Structures are given as structure tokens and as C-alpha cells.
> 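Below is one structure. I have some questions about it.
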Amino acid sequence: MTLDLFDHPDFHPSWREELCPGAVVLRGAALADSRELLKAIDNIAIQVPFQYRATPGGYAMSVAMTNCGDLGWVTDQQGYRYQPTSPETLRQWPAMPDLFRTLAIHAAREAGFSDFMPDACLINRYQIGAKMSLHQDKDEEDFGQPIVSISLGLPAVFQFGGLERSDKTQRVNLTHGDIVVWGGPARLRYHGILPLKAGEHSLTGQYRFNLTFRKAH
DNA sequence: CAGTGCCC
DNA sequence: GTAC
């Protein structure tokens, strides 16, 4: 991987956008590793296929999901939770690739969170029209640990709000290779993804992939 | 518990 | 804004 990207003299203000205290967009920070990241996603999905899960309220989500790492985020009628196994295979999630972990740790450090130790990586696949409505990440045990989110493939509009659902949201265009990190005072800010606009990406076709790294337990 | 979704 |  090209960790040197983070040390490159050009990797600074123009590539870094502060959304608010504790939240930053690192433009193109995963770009150089994107082909390897996508290959790794394919390899994981062969072992544990993407699933369309349902919320506890019974609605099918439009985003397909799989996981890697010690813990994976799942939802069903019982609720939201992290668990060490896939509900379908009843086996442990595939290991988190070293490239994933290292990239996430470096991005967190770049954003000011020096002790990030992710144990969970949720892999979301968005097809055209798929969305993620405004929500908080609050199923984790330690809100002192940040969230690291890597965008691959088709662009999407990220909504980044406040600590209450009714707070005004910023709209942030995220494209292939962008990394968003939020933690500290921004850790519980509401966020979401607007319906994916039709398009074609040379590496992912009609899909957007998102890797979300968390310290769950 | 379920607002990571839905509808007006 | 909010079902049950």
C-alpha cells in the first residue's frame, strides 16, 4: 500500500476538509490503494455474500452488506448489534485485511485520533437508488474511538448533521478514494447517504462501496 | 427500543 | 414528523 501518501508533502490542507470540530474529509486518501481494496472486497464477498438485511421495524434496507474483522454489524427483528459470526454461514467473518486496518489507522491518525484500533469493518454496497437515512452510529461500546469511512466507486452525497436528528445537515460529495473520519465531539453526529445517482464507474460499474471501520467492543 | 425506514 |  502507499502509506507514504499520508506523509507526502502534498497531503495537506487542500486534500483535507474540516466538516466541523472532530470531523474531516481526506480527499483521495484511498485512491492509490483502491484497486487492491476492491479486490479484497471481492474476496470477502465470495466467502460471505452481500445480504439485504431488515431493520427491527421490518423494512428491507436498500444497501447490501457484508463484514470483515472480529466483529460485524448486523440487523434483524431482534435489533442492531455486532457479532463475531455471519448469521447466514454461522462462521466467523473473514479476517480484516492488513491493508484495510493499516489504511484506517493511518486515516484516523491523520484526523487526530492516534489510538484507533478497529475490530469491525462493515462493507456496504450501494446500487443505483440505494440510500442510508440519517442515523447515529451508537452501537459501539466506546465513543472515544472514531469512525473511519472509505468511499469507492460511484460518487454519493453524504449528509452530515448534528447531535439531533432535526439539526441542519451539510451535504458533502464523496468520490472514489475519499476517506471521512469523525470522532471526539463529532462522534455521535447524525449522518446518511442520499439516493445513489445513476452512473458508471470504471472500477465498480453501477455500484458504490463503503468501508466503515469501528471499534465495536 | 428500533428512525441504518417510511410517508406526506 | 413519526407507527404500534
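Each chain gets a letter, A, B and so on, in the order its sequence line appears, and its residues count up from 1. As the structure is a computational prediction, the values presented were derived from the model and not from experiment.
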> Is any side-chain N or O of A:Y59 closer than 4.0 Å to OP1 or OP2 of B:dC6?
no

> Shared ILVMFWY cluster between A:F209 and A:V148, side chains joined below 4.5 angstrom?
yes

> In whole Å, I'd like the distance from the CE atom of A:M132 to the P atom of B:dG5.
6 Å

> Suppose we define a pair by two distances each less than 3.5 Å, Watson-Crick or G-U wobble; what does C:dC4 pair with here?
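In the structure as shown, C:dC4 has no Watson-Crick or wobble partner.
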
> For A:H191 and B:dG3, give me the distance from atom NE2 to atom P, rounded to whole Å.
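Result: 16 Å.
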
> Taking CG from A:D76 and C1' from B:dC1, how many angstroms apart are they, rounded to a whole number?
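Between C1' of B:dC1 and CG of A:D76: 14 Å.
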
> Starting at OH of A:Y190 and ending at P of C:dG1, how long is that distance when rounded to a whole Å?
13 Å

> Could you tell me the separation between the CG atom of A:D137 and the P atom of B:dA2, rounded to a whole number of Å?
20 Å

> Determine whether the aromatic ring centres of A:W73 and A:F213 lie less than 6.0 Å apart.
no

> If you measure from the Lys or Arg side-chain nitrogens to the Asp or Glu carboxylate oxygens, is any gap between A:D76 and A:R81 under 4.0 Å?
yes

> By the definition side chain to side chain contact (heavy atoms under 4.5 Å, CB included), identify the one residue from A:V48, A:T66, A:N43, A:N67 that meets it with A:P94.
A:V48

> How close or far is atom C1' of B:dT4 from atom CD1 of A:I193, stated in whole angstroms?
11 Å

> In whole Å, I'd like the distance from the OH atom of A:Y80 to the C1' atom of B:dC1.
9 Å

> Determine the contact category for A:D139: base if any of its heavy atoms lies under 4.0 Å from a base atom, sugar-phosphate if only primed atoms, P, OP1 or OP2 are that close, otherwise nothing.
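The residue A:D139 makes base contact.
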
> Please determine whether any donor N or O and acceptor N or O are separated by less than 3.5 Å between the side chain of A:R165 and the base of B:dG5.
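When only heavy-atom distances are counted, A:R165 does reach the base of B:dG5 through a donor-acceptor pair under 3.5 Å.
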
> Has A:W73 got its ring stacked on B:dT4, by the test of a centre gap below 5.5 Å and a plane angle below 30°?
yes

> Both distances below 3.5 Å, Watson-Crick or wobble geometry, any strand: find the nucleotide opposite B:dA2.
none

> Rounding to a whole Å, what distance do you find between A:K138:NZ and B:dG3:P?
10 Å

> Give a yes or no on this: more than 12 heavy atoms of other residues, nucleotides or ligands lie within 6.0 Å of atom CD of A:E200.
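Count over threshold, so yes.
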
> Tell me what A:T55 touches on the nucleic acid: a base, only sugar-phosphate, or nothing, going by heavy atoms under 4.0 Å.
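The residue A:T55 makes sugar-phosphate contact but no base contact.
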
